[in-house]
Structures are given as structure tokens and as C-alpha cells.
There are 2 protein chains.
Amino acid sequence: MFTDQEKEAIYKAIYTRRDVRTFRPDPIPSEIILKILDAAHHAPSVGFMQPWNFIVISTDEIKNRLAWAADKERRALAIHYEGDRETQFLQLKVEGIKQAPLTICITCDPTRGGSHVLGRNSIPETDSLSTACAIQNMWLAACAEGLAMGWVSFYKKNDIRDILDIPPHIDPLALISIGYTDHYPIKPILESANWEKRLMLHELIFHEKWGSQK
Amino acid sequence: MFTDQEKEAIYKAIYTRRDVRTFRPDPIPSEIILKILDAAHHAPSVGFMQPWNFIVISTDEIKNRLAWAADKERRALAIHYEGDRETQFLQLKVEGIKQAPLTICITCDPTRGGSHVLGRNSIPETDSLSTACAIQNMWLAACAEGLAMGWVSFYKKNDIRDILDIPPHIDPLALISIGYTDHYPIKPILESANWEKRLMLHELIFHEKWGSQK
């Protein structure tokens, strides 16, 4: 059972959690890192396969190589935008890998649990979805701990495999920057930058069948 | 900033949340459903694309058809297990669709936000990963509200599309049973059933490179 105060705390984390791209260099106590990784590890997973690993990166040498891979991809993607949208895109700060004291690469091992993982046999991508649930747990825990987190999704997976010695069958699903920040955003960065608007919840809810609204 | 009490509440939800397969028939107040869907809607999404929809199903007719699709898949999957593992598999209760007062189908629309969603251009499956984050938010909110939730991943997606009139390009990513329960598990059901064990966190953490443990 949860008290009203406990419920409020959970919604507070859900509603104030933001994707952050600007960090202070201050180190993070290692016991706090363990706390948020343990929160990740207690996510649900299909067939209880727990397909995740966490590569914790703190050296400048490796962070610089990851930042290089992300920036290369950012420049490649910019070519797909034109005119004002390209200018707007290039002004967005899409990652803070060099600034943040830590980067955590979260991987998904599709072979964990053997060849016939319960549930994954029907929907193979449930291993990645489980790993995403772990990231969301970690994000809410980080938010509660006063930490800022940014999910970087600009890279070619094979660049990340090369830099971090990740075997070919393992998916480097996310690069996460973590640190403290002086600029915790109130709204999503892409909403403040007028890149996209928040959709209305009631337009996303259907009843009984697709497309049927009350 | 979060107080110590607030932090504890968030970890309490993360650590006590379970996948549930046994429900009471009592209805769920519609304002509680809206609260947990709004929690889902406040998940992070790549390029702020918010790719999710929620099909809320309460009629027996449609729940029975969904349960039929899940049971058909369960029987097909049982054929891949042999001997004791097959017996053990067939004894597991893998879904509670008919029991739960509500089923929510959570879908992912890969076309939302146009052809060049920021971030998704690099890693297309980030739309599904965003939707999984929404499910985890919803799960923690449901747990806080005293609701039990079960993620059913036994079905052929085209059966679900047929039953719910979902267009071919939309992914019926998850079927979620929700209701109250008298049997909220303390441990994951698959751990209690000796199907899988919880892995040790420290064995899942690497430093700087894949495979490097301190």
C-alpha cells in the first residue's frame, strides 16, 4: 500500500524527469551509481531474462571517442534536414558526453536465458523493450537522486561496439550521460525549442477498437 | 529536489512492482485509469515523437477474442519445450486477460512525427523503446495506485490487429491486463516458480570496456 504522500512522490518523479544535455563536471558518489543501476536491474523483463549489462565509462579518452561517434552521426543526420529545419537542428545540443562525468552504455544480450526465452519466442524485440524499462527505472531513480540524465541516440552501433569492445551479437541499446546540472529543464528541451509539441492525451486514447473515441 | 521520504517512495514502487496474472473483477475508477495513462504519456520519447496510443478494452466479447489469441500462441510455444520444461511451462499462468476488468493495448506508430524524427533516423527502434518507457511509467503509477498489471507478450501481432482493427503499419506492442488483486506477488512469478533466478548486479556491470570488471 502507498500513502498519498508516497503516490505524490512517484508522480513527481514521472512528471519532472527530463532529458538533459548540460552537465557540471562534479563526480557522482559510486554508491549513488550503484543505487540507480540496481533500480534498473529491478525492471521487468520478458521471461525474467534480465538481458542488460551496464558499461560505466569515466575516462576522458573513451568519452572523447564516444562523443566523436555521436558528432559524426549528428553531422550526417543534418544533411537530411533542409532550410530552417537544418539551421534549427544544428543549433540543438544533442549530447553532453564530454561534459558529463559518466557515460553508461546499456546493452541488450538477445542470447541471455537460452534459445527459448518465455515470451521472447513470440515477440523477439521484448528483450530490447525490457532493457528500455530498465532505463526508465534508472532515469526516475536518477531524477530522485538529483542527477541529470541524457539518452543519446545519435550513433552507429558498430562505432560503439568498436570503441567499447562489445561483441557483435550484443546491442549497444543506449548511451546515457549522467551528472549534476545547473540547468534542469522544466519542459522537454524539444518542446521549449519549438521542435515538437506535446500531444493531447485524450486524442491518443481509443475505446474497444483502434480509432474509436468516446 | 526530493526529500528522503520521496526517494524512498520511488524506490518502493521500483522494488515492489510485479507482473501479475491473477485479478479480481472489481472495476477500476476511470479517473485512476486516466492518471496512469497520463503517467505513460509523460515518458521520454525520441525526438519528442510520443508514438503511443492506448486502446482501452472492457467488453467481454473483445477480451475473450484477445484471450483466444494469447492461448493459441501459448499452446504453439509449448511445443518448443520438452519433457519437464514443457510440463512446467504448461502449468504457468501466462495471462489473466479474461479475469482482469481492463485490457489496454499499447501501440507504437512509427510514422508519428513525420519521416525524419530526430534520433529515430539513427536508431529506428527508439520509437518502440520510447513506448516501453511509457509502459514502465504506467506500471509504477499502477503499483502506487494499488493496481496490479500484467504485460502479456504471447500473441501474433496480426491476430491483435485483426481483433482491434489496428492498421498494418501500427505495432500492437503490448497487451496489458489491469485490475485489483488479492495475490500481489512478493517476488517475480518466474523466480518463485524456479523458472529463472535473479542475476547478481555486480556481474552485469563493466568498467570502461565490455567484459572489464573491477
Side-chain angles (χ1 to χ4, degrees), chain A residues 1-2 6-7 9-10 13-15 19 37-39 41-42 44 46 48 50 52-57 59 62 73 77 80-81 113 116 119 121-123 125-126 128-129 132-133 136-137 140-141 144 146 151 153-155 164-166 188 190-191 195-196 199 201 204-210, chain B residues 1-2 6-7 9-10 13-15 19 37-39 41-42 44 46 48 50 52-57 59 62 73 77 80-81 113 116 119 121-123 125-126 128-129 132-133 136-137 140-141 144 146 151 153-155 164-166 188 190-191 195-196 199 201 204-210:
Chain A
M1 288 290 294
F2 288 74
E6 288 175 326
K7 285 185 212 176
I10 291 154
I14 286 172
Y15 286 107
D19 194 308
L37 293 184
D38 200 48
H41 184 45
H42 282 76
V46 65
F48 201 35
Q50 309 159 73
W52 39 71
N53 283 90
F54 309 97
I55 310 176
V56 180
I57 298 140
T59 59
I62 298 178
E73 182 71 358
L77 288 171
H80 295 281
Y81 295 109
H116 296 288
N121 254 359
S122 292
I123 307 182
E125 67 269 27
T126 43
S128 305
L129 303 180
C133 287
Q136 183 64 4
N137 264 6
L140 295 170
W151 180 334
S153 53
F154 283 72
Y155 53 83
L164 301 179
D165 288 350
I166 296 172
L190 294 178
E191 191 179 5
W195 183 268
E196 284 294 347
L199 303 174
L201 176 61
L204 301 173
I205 300 176
F206 299 136
H207 292 271
E208 308 303 330
K209 300 257 181 174
W210 177 270
Chain B
M1 287 290 293
F2 287 74
E6 287 175 325
K7 284 185 211 175
I10 292 154
I14 287 172
Y15 285 108
D19 194 308
L37 294 183
D38 200 48
H41 184 45
H42 282 76
V46 65
F48 202 34
Q50 309 158 74
W52 39 70
N53 282 90
F54 309 96
I55 311 176
V56 180
I57 298 139
T59 59
I62 298 178
E73 182 70 358
L77 289 170
H80 296 282
Y81 295 109
H116 297 288
N121 255 358
S122 292
I123 306 182
E125 67 269 26
T126 43
S128 305
L129 303 179
C133 288
Q136 183 63 6
N137 264 7
L140 295 170
W151 180 334
S153 55
F154 283 73
Y155 54 83
L164 302 178
D165 287 350
I166 296 173
L190 294 178
E191 192 180 4
W195 183 269
E196 284 293 347
L199 302 174
L201 176 62
L204 301 173
I205 300 176
F206 299 135
H207 291 272
E208 308 303 329
K209 299 258 181 173
W210 178 269

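Order of the sequence lines fixes the chain letters, A, B, ..., with proteins taken first and strands second; residue numbering starts at 1 for each chain.
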Among [options], single out the residue with the greatest number of heavy-atom pairs under 4.5 Å to chain B.
options                        : value
A:G113, A:A132, A:C133, A:P188 : A:C133
A:V46, A:I62, A:D38            : A:D38
A:E196, A:M1, A:H42            : A:H42
A:K7, A:E6, A:Q136             : A:Q136
A:P44, A:S153, A:G146, A:S128  : A:P44

Part of [X] within contact of chain A (heavy atom distance under 4.5 Å):
X      : value
B:T126 : side chain
B:L77  : side chain
B:I166 : both
B:D19  : neither

Between [X] and [Y], which heavy-atom pair has the shortest distance, and what is it?
X      : Y      : result
A:N137 : A:A39  : ND2-O, 3.0 Å
B:E208 : A:I55  : C-CG2, 3.8 Å
A:F48  : B:E191 : CE2-CB, 3.8 Å
A:K209 : B:D165 : CD-OD2, 3.6 Å
B:I14  : A:A141 : CD1-CB, 4.4 Å

Please round to the nearest 0.5 Å and tell me the distance separating atom [atom1] of [X] and atom [atom2] of [Y].
X      : Y      : atom1 : atom2 : answer
B:L201 : A:F54  : CG    : CZ    : 6.5 Å
B:I205 : A:N53  : CD1   : CG    : 9.5 Å
B:L140 : A:L140 : CG    : CG    : 6.5 Å

Notebook entry, point to check: So which of B:F206, B:W52, B:F154 has the largest heavy-atom pair count under 4.5 angstrom toward chain A?
Noted result: B:F206
Check: Taking B:L190, B:L37, B:V56 one by one, which has the highest count of heavy-atom pairs under 4.5 Å against chain A?
Finding: B:V56
With a 4.5 angstrom heavy-atom cut-off, could you sort out which part of [X] is near chain B: side chain, backbone, both or neither?
X      : answer
A:E73  : side chain
A:Y155 : both
A:W151 : side chain

Margin query: Using 30° and 60° as the class boundaries, would you call the ring planes of A:H116 and B:H80 parallel, tilted or perpendicular?
Written below: parallel
